[in-house]
Colleague: 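Shown below is the structure under consideration.
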Number of protein chains: 2
Amino acid sequence: MPRSRVTLKDVAAASGVSTATASFVLNKVTTQTIAPATQERVRRAAADLGYVPQGSARALREGRSRLVLLNAGRLPVTGSLRSFITGLDTELSAHGHTLLVRHGATTGIPARTGEGALKQAVDIVDPRAVIDLVRLYADEDPDRLDGGWIDGLAAHTATQIDYLIGRGHSRIGFAMPADERLAGIARLRFQQACAVARGRGVAEPVGVTGEAVEMPAGVTAVAAFDDDVALRLLSVMADRGLRAPDDLAVIGFDDSGYGEMWRPALTTVRIDAAGYGRRAARAVLGFPLDAVAPDPSIVVVRTSA
Amino acid sequence: MPRSRVTLKDVAAASGVSTATASFVLNKVTTQTIAPATQERVRRAAADLGYVPQGSARALREGRSRLVLLNAGRLPVTGSLRSFITGLDTELSAHGHTLLVRHGATTGIPARTGEGALKQAVDIVDPRAVIDLVRLYADEDPDRLDGGWIDGLAAHTATQIDYLIGRGHSRIGFAMPADERLAGIARLRFQQACAVARGRGVAEPVGVTGEAVEMPAGVTAVAAFDDDVALRLLSVMADRGLRAPDDLAVIGFDDSGYGEMWRPALTTVRIDAAGYGRRAARAVLGFPLDAVAPDPSIVVVRTSA
DNA sequence: CGGCGCAGCTTAAACGATTTAGTGACTCGG
DNA sequence: CCGAGTCACTAAATCGTTTAAGCTGCGCCG
């Protein structure tokens, strides 16, 4: 019963042509003309038999597979990363490709076990492309296949800071993550925040850690690196009997989904991560990017700021 | 410079043997004896050239690749799933295999787009095995390659319920998730909770939804399906001015990492998910399971219960 | 009517690994 | 000195695709 896999040979035999012809038809090769009637026969046979090309054979022949590998390291897949992945996945599969994600202890430090594991995965699947979030976040990825995610960050940081300024805050703190691996991208965001403030004629934000709740004198609001940092800050504040937004306004970044469960509910910035995912897919496949523009980021106003 | 991939042929040529011999050496084939000196030469050459076998060629020949595919659907990868993946990954890579994860809109309902996408992924990579969490959680997976995760659930549910009973609660609620896709596994957990209570001579828990905070008369504690449900309940309680644990004790399940940021911090059950991951890896590879037993689950006592 | 061009196929050679079925060169017992 | 039995190794087939190159008739031009 479990008749083995249907191969191209089966399709060819069933439609009375050679495998070459069948391949030409099914791949819509333009360098070769095939009679319409023949095309029809082949397509029918393929459909009837339920033929699906074997990826490994194809990959062997073509030197690379139709897979795209996303290295997510140990990043939690919630909020925007989840959306990013979804966008990436839908756009890729619309073009016959498949997204697979590697999670694991990749350290970002070359020649550590994690790096080796990624390399191994790459060698095994011969992916069409690799999107390495770990290196991207460590700010050392030469070819950023992120669909403009990193580049878009400046505008989203502006969304965050502008909201605070618009609410009348003129002395702002910027809460950095504790995780070393995020240091690169955190520094970037901090610089962006400073630039925005300068542009608005407001004092540059002061960097603070998410844990320490003692704010430098005069700071009335904190923009957090992400929702995680914001939530951690909120909980430390609660321990000290401080409430947001009255004692200190707190705005997160990159709506993680957990902020809305908190009390006070976390005000945050929502980014069209799925849009960036779709763009990343196009970048990877070599398509023009201008066709898809992610929506601008918006502030999800809840209670904390 | 980008000299193309090092193949087995290169290794064979460099060590003056045929590809067959090289293959025998590198795969430690026992049906064939090779002179120690030759083995040494081949291994050196492979190392020097940086040879890595090409997965697609191997997969083509063997009919399946050395990949294991985990279908995570739209599940958030935090807490225990993250640990499960880590355990799976380390154990698999210790045996020359690689774990890749598919995220996406898989619906669990056959013949929907999601299912098709998974099938496509499977066809492309010819994985050694597929662990389908979506089907597993929908309770319709015939061959459960989960390392005993589902089977272990009964004991962990007991950990959760017993804690509440030990704290003197005799009328307990069980908070179910709103997500339809978790209905199967939620029902299972609820039944387990009932069984535990019966065994302890306590009234069976009443099922409640995570959102509704009105508890049936006399209920003093709630065991949640997972931390997410617990957190949601906690926030609804906060809105009504109710505090845990005094007004209602709440215990989560499957420590997600976000519970400790909440105030009151969420008491929950921590499961050795990494252990189950390692077992799942062994199950997939056909190794005996008894060698690895996951640690028993423990209660992480914080404040909410 | 010879030959050219073209539409519509097929043949066969890759791709890089694994593995079956040998093949020589030895040794050893009788 | 022959036959059998190891040992150490190789030749070649194979997996399923893609694709360059070749082949065959037919129509048409000069």
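Note that these values count all heavy atoms, side chains included, but never hydrogens, waters or copies made by symmetry. Chain letters run A, B, ... following the sequence lines, proteins first, then strands; residues in each count from 1.
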Colleague: Name all pairs fulfilling the salt bridge (charged side-chain N to carboxylate O under 4.0 Å, His left out) condition that reach into residues 30-46 of chain B, sequence neighbours left out, sorted by first residue then second.
Modeller: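 Checked against salt bridge (charged side-chain N to carboxylate O under 4.0 Å, His left out) - neighbours excluded - the pairs reaching residues 30-46 of chain B are B:Arg44-B:Asp48.
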Colleague: For the pair A:Trp149 and A:His156, name the ring-plane relationship: parallel under 30°, tilted 30 to 60°, perpendicular over 60°.
Modeller: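 Rings of A:Trp149 and A:His156: tilted, as their planes differ by 30° to 60°.
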Colleague: For DNA chain D, which residues of residues 22-47 of chain A approach it to below 4.0 angstrom with any heavy atom?
Modeller: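 Of all residues in residues 22-47 of chain A, the ones placing a heavy atom under 4.0 Å from DNA chain D are A:Ser23, A:Phe24, A:Asn27.
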Colleague: Would you mind reading off the distance between B:Glu62 atom CD and D:dT14 atom C1', rounded to a whole angstrom?
Modeller: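 That distance rounds to 13 Å.
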Colleague: Tell me, which of residues 11-20 of chain A have any heavy atom that sits under 4.0 Å from an atom in DNA chain D?
Modeller: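 A:Ala20, in order of number.
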Colleague: Using only atom types and a distance under 3.5 Å, with no angle test, would you say the side chain of B:Asp10 pairs donor to acceptor with the backbone of B:Thr7?
Modeller: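 Present.
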Colleague: When the distance from CG of A:Asp10 to C1' of D:dG16 is rounded to whole Å, what number comes out?
Modeller: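 Going from A:Asp10 (CG) to D:dG16 (C1'), I get 10 Å.
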Colleague: Measure the distance from CZ on B:Arg61 to P on C:dA14 and round it to the nearest whole Å.
Modeller: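 After rounding, the reported distance stands at 20 Å.
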Colleague: Answer yes when B:Arg102 and A:Asp89 have at least one side-chain N-carboxylate O distance shorter than 4.0 Å, and no when they do not.
Modeller: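 So B:Arg102 pairs with A:Asp89 through a salt bridge.
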Colleague: Considering residues at least two apart in sequence or located in another chain, which fulfil the side-chain contact (heavy atoms from CB on, under 4.5 Å) criterion with A:Asp151?
Modeller: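 For A:Asp151 the side-chain contact (heavy atoms from CB on, under 4.5 Å) partners, ignoring immediate neighbours, are A:Arg144.
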Colleague: Measure from CD on B:Gln54 to P on C:dA14 and round the result to the nearest Å.
Modeller: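 Rounded to the whole Å, the gap is 17 Å.
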Colleague: Give the rounded distance in Å between these two atoms: CZ of A:Arg5 and P of D:dC15.
Modeller: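 Going from CZ in A:Arg5 over to P in D:dC15 covers 14 Å.
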Colleague: Can you check the A:Leu8 CG to C:dT10 C1' distance for me, whole Å?
Modeller: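 After rounding, the reported distance stands at 14 Å.
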Colleague: Would you find a donor on one side and an acceptor on the other, under 3.5 Å apart, between the side chain of B:Ser15 and the backbone of B:Val11?
Modeller: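 Here the side-chain-to-backbone pair exists.
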Colleague: Starting at atom CG of B:Leu60, determine the distance to atom P of D:dT17, rounded to an integer number of angstrom.
Modeller: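 After rounding, the gap between these two atoms is 9 Å.
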Colleague: Starting from P on D:dG16, measure out to CG on B:Asp126 and report it in whole angstrom.
Modeller: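 So the CG-P distance, B:Asp126 to D:dG16, works out to 10 Å.
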Colleague: Using the benzene-type ring in the case of Trp, are the ring centres of B:Phe84 and A:His103 under 6.0 Å apart?
Modeller: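 Judged by ring-centre distance (under 6.0 Å), B:Phe84 and A:His103 do not meet the cut-off.
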Colleague: Within the structure shown, what part of the strands sits under 4.0 Å from A:Thr21 by heavy-atom distance: base, sugar-phosphate, or nothing?
Modeller: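 The answer is base, as A:Thr21 lies within the cut-off (heavy atoms under 4.0 Å) of a base atom.
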Colleague: A:Tyr51 side chain N/O closer than 4.0 Å to the phosphate oxygens (OP1, OP2) of D:dG16?
Modeller: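 For D:dG16, neither OP1 nor OP2 has a side-chain N or O of A:Tyr51 closer than 4.0 Å.
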Colleague: Taking only residues two or more places apart in sequence or in another chain, which ones pass side-chain contact (heavy atoms from CB on, under 4.5 Å) with A:Arg270?
Modeller: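 Scan of A:Arg270 (side-chain contact (heavy atoms from CB on, under 4.5 Å), adjacent residues dropped) gives A:Asp255, A:Ile298, A:Val300.
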Colleague: Identify, with sequence neighbours excluded, every residue that meets side-chain contact (heavy atoms from CB on, under 4.5 Å) alongside A:Ala293.
Modeller: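 Result, side-chain contact (heavy atoms from CB on, under 4.5 Å) vs A:Ala293: none returned.
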Colleague: Any donor-acceptor pair under 3.5 Å joining the side chain of B:Arg58 to the base of C:dT18?
Modeller: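 Not at all, since no donor on one side and acceptor on the other fall under 3.5 Å apart.
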